[in-house]
Protein chains: 2
Amino acid sequence: MSGPVFGRIDQTTMREGVYAQLHDAFTRGQFAPGDTLNLRGLAERLGTSMTPVREAVRRLVAEGALIDAPSRTLRVPDFDLRQMQDLKLARIALEPLVTGRAVERMDAATLEALEGILAEDTVDGKQAGMPDLAQNYRFHFTLYRRADSPVLLPLIAGLWLRYGPYLNLIMRHAGPEIGKGNDIHMTILDAARRGDAKAAQAGIVADIERSFSLLAEASEEQAGDDRMKRRARLTASPWPEQLSR
Amino acid sequence: MSGPVFGRIDQTTMREGVYAQLHDAFTRGQFAPGDTLNLRGLAERLGTSMTPVREAVRRLVAEGALIDAPSRTLRVPDFDLRQMQDLKLARIALEPLVTGRAVERMDAATLEALEGILAEDTVDGKQAGMPDLAQNYRFHFTLYRRADSPVLLPLIAGLWLRYGPYLNLIMRHAGPEIGKGNDIHMTILDAARRGDAKAAQAGIVADIERSFSLLAEASEEQAGDDRMKRRARLTASPWPEQLSR
DNA sequence: ATCTGTGATATGTGATCACAGTAGACGTTG
DNA sequence: CAACGTCTACTGTGATCACATATCACAGAT
């Protein structure tokens, strides 16, 4: 049989679409610890019925990004030092691993992509030093993806999902100071270019520890903010702009 | 206010019940690679409507224990060498980590529990060397739980979930020979008793590598079995007895 | 005999409804 | 004025229905 070549019809469900949007919002730090969600509200904003939202939310709960709070409410977990240390431990166990593999299998296309991502920041500096969490996410995951590790990558993505709300705290607290993160990213990229797996891994660990220490600072502030934040949540919509469109 | 002390009403949903049953079936190796499931059948067997089943199944898909096969069918993933190597890598990255922590924090109660689990096998040898996968699971996770690591433990549980169908293969292939696994478990328990974290970690790695090599053997056989298995699936119910009750 | 279109059957998906339960507002009572 | 009970609004949950779509068996044409 012959004829015109067709593009594949994307066989995507609404459930996946909803999940993707929520996942995005999380990794961008658009949810803060303590935020509450409700299914009907989400469904309305997303233009679907409750069903796909339920399933997406259920998945987020299973991944630990949301929790079932008492009295049938869904909440972004509050800050928890123990849990965060555990999260750091897991990241340090897994991310250097995939980094090593990625560097060993590195190719020109990926290097170029990584350069491009880092360059965005310099050019697109209109945000005036405002850290672009999505960019950070892209850098790490284009690197990790090169490891071609179908089991480890989703695991790491799950960890980042839970880091998201903390990133929100960091962002609010540290603000522009976060910009120097790109120094570390540069170092990692250089190591990847040289094929120096060890150096790249060390860079990743440094990056993780850096965000951890920033978070430790931010968390101290949160205790004071907490009461105010909770009050504000009652009046203002906790909804991140990304999803309201 | 005073009065009699009441036990907590367990606020459990059907969704969780369904998930627990399926999770159990997986870790016991009651599902084999390639098995297919359908929501209505599950719902009927479990005595619920489709809704809770859908959500539990969706979670299993998110965890990688099931996959969405073409034409709206749910399948237990087929054996995949690359995936399995990745799984092994992840296990070796995480399980020694929690083992180390567990040994450091070891207490008498946990040691006793571990002894008890290993003793079961010797006493309850009625299965004639038939490996009790549930017992294996309990041993590892009572050990790991002692690490008190709320992030890492679910991660590891997710990995085991995906190991389940492979265990099924091992069990079918290796049969009684698997009994010597307890030697390694003994070694691990001894190390835990002495507080020797390094030795316990080495034991865990040995255990993982052992099950991996058993699996490598079994996987060769699967290629031949495959055609037969697929035919059998059409006539016989793939349903594990555990769930039919 | 082989290929092809058609209908029946069965699947997951999404929408909708009824319901149990909680929290907070409000009125009542002491 | 404070403590208590009731009532209302809202939540997630589970059941059910309608639907698009894939597979298979079969009949018809070539």
Side-chain angles (χ1 to χ4, degrees), chain A residues 1-3 6 8-22 34-63 65-77 230-235 237-239, chain B residues 1 3 6 8-22 34-63 65-77 230-231 233-235 237-239:
Chain A
M1 197 169 89
S2 71
F6 294 111
R8 283 317 218 203
I9 303 279
D10 54 335
Q11 193 65 295
T12 182
T13 60
M14 317 200 84
R15 177 200 332 125
E16 290 171 69
V18 173
Y19 178 80
Q21 293 238 20
L22 292 171
D35 282 356
T36 66
L37 287 73
N38 73 82
L39 298 183
R40 286 178 176 84
L42 285 172
E44 195 176 353
R45 287 169 202 272
L46 292 161
T48 71
S49 79
M50 284 173 62
T51 311
V53 175
R54 278 167 76 163
E55 295 179 351
V57 163
R58 271 298 127 207
R59 176 168 172 190
L60 290 169
V61 171
E63 290 170 332
L66 292 174
I67 56 172
D68 284 303
S71 81
R72 292 191 163 168
T73 51
L74 293 162
R75 303 186 49 181
V76 179
R230 268 182 223 294
R231 187 154 16 96
R233 198 178 310 133
L234 297 175
T235 57
S237 163
W239 196 255
Chain B
M1 197 169 89
F6 293 112
R8 283 318 220 199
I9 304 281
D10 54 333
Q11 191 67 296
T12 181
T13 61
M14 318 201 81
R15 176 201 330 127
E16 290 172 70
V18 172
Y19 177 81
Q21 293 238 20
L22 291 171
D35 282 355
T36 65
L37 285 74
N38 73 82
L39 299 182
R40 286 177 175 85
L42 284 172
E44 195 176 352
R45 288 170 200 271
L46 292 162
T48 71
S49 79
M50 285 173 61
T51 311
V53 175
R54 278 168 76 165
E55 295 179 350
V57 163
R58 272 297 127 208
R59 177 168 171 190
L60 289 169
V61 171
E63 290 170 331
L66 292 174
I67 56 172
D68 284 304
S71 83
R72 290 191 165 169
T73 51
L74 293 162
R75 304 187 48 181
V76 179
R230 266 182 224 295
R231 188 156 13 96
R233 199 179 307 132
L234 297 176
T235 56
S237 162
W239 196 254

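Not measured: the values here are computed from a predicted model. Chain identifiers are assigned alphabetically (A, B, ...) following the order of the sequence lines, protein sequences preceding nucleic acid strands; residue numbering begins at 1 within each chain.
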Problem set entry | Spacing between A:Leu74 atom CG and D:dT11 atom C1', to the nearest angstrom | 9 Å

For this session: Measure from CG on A:Leu39 to P on D:dT13 and round the result to the nearest Å.
Result: 7 Å

Problem set entry | hbond_proxy B:Arg54 side chain to C:dG14 base (donor-acceptor, 3.5 Å cutoff) | yes

Problem set entry | Out of C:dG14, D:dG14, D:dG12, whichever nucleotide has its closest atom nearest the side chain of A:Asn38 | D:dG12

For this session: Please work out if B:Arg40 contacts a base, only the sugar-phosphate, or nothing of the nucleic acid, heavy-atom cut-off 4.0 Å.
Result: base

For this session: Could you pull out the closest heavy-atom pair between A:Ser49 and A:Ala43, with the gap in Å?
Result: O-CB, 3.5 Å

For this session: Would you mind reading off the distance between A:Arg75 atom CZ and D:dG12 atom C1', rounded to a whole angstrom?
Result: 16 Å

For this session: Nearest-nucleotide wise, let me know which of A:Ser49 and A:Pro70 is further upstream toward the 5' end of DNA chain C.
Result: A:Ser49

Problem set entry | Nearest-angstrom distance from the residue atom CG of A:Leu46 to P of C:dA15 | 11 Å

Problem set entry | Nucleotide D:dT13, atom P - distance to CG of A:Leu42 in whole Å | 13 Å

Exercise. Within the structure shown, what part of the strands sits under 4.0 Å from B:Ser71 by heavy-atom distance: base, sugar-phosphate, or nothing?
Worked result: sugar-phosphate

Exercise. If you take atom types as modelled and just measure distance, does the side chain of A:Arg72 reach the base of C:dA20 with a donor-acceptor pair under 3.5 Å?
Worked result: yes

Exercise. How far apart are the closest heavy atoms of A:Arg15 and A:Ala56, and which atoms are they?
Worked result: O-CB, 4.0 Å

Exercise. Touch check for B:Thr51, heavy atoms < 4.0 angstrom, all strands: base, sugar-phosphate only, or nothing?
Worked result: base

Exercise. Of all the nucleotides listed (D:dG14, C:dG14, D:dG12), which has the minimum atom distance to the side chain of A:Pro52?
Worked result: C:dG14

Problem set entry | Residue pair A:Leu66 / A:Pro77: nearest heavy atoms and the distance that separates them | CA-CD, 4.1 Å

Problem set entry | Between D:dC10 (C1') and A:Glu44 (CD): distance, integer Å | 14 Å

Exercise. Are B:Arg59 and B:Glu55 close enough for a salt bridge, meaning some N to O gap below 4.0 Å?
Worked result: no

For this session: For A:Tyr19 and C:dG14, give me the distance from atom OH to atom C1', rounded to whole Å.
Result: 20 Å

Problem set entry | Length of the CG-C1' vector between B:Asp68 and C:dT13, whole Å | 11 Å

Exercise. Any salt bridge between B:Glu44 and B:Arg40, counting N to O under 4.0 Å?
Worked result: no

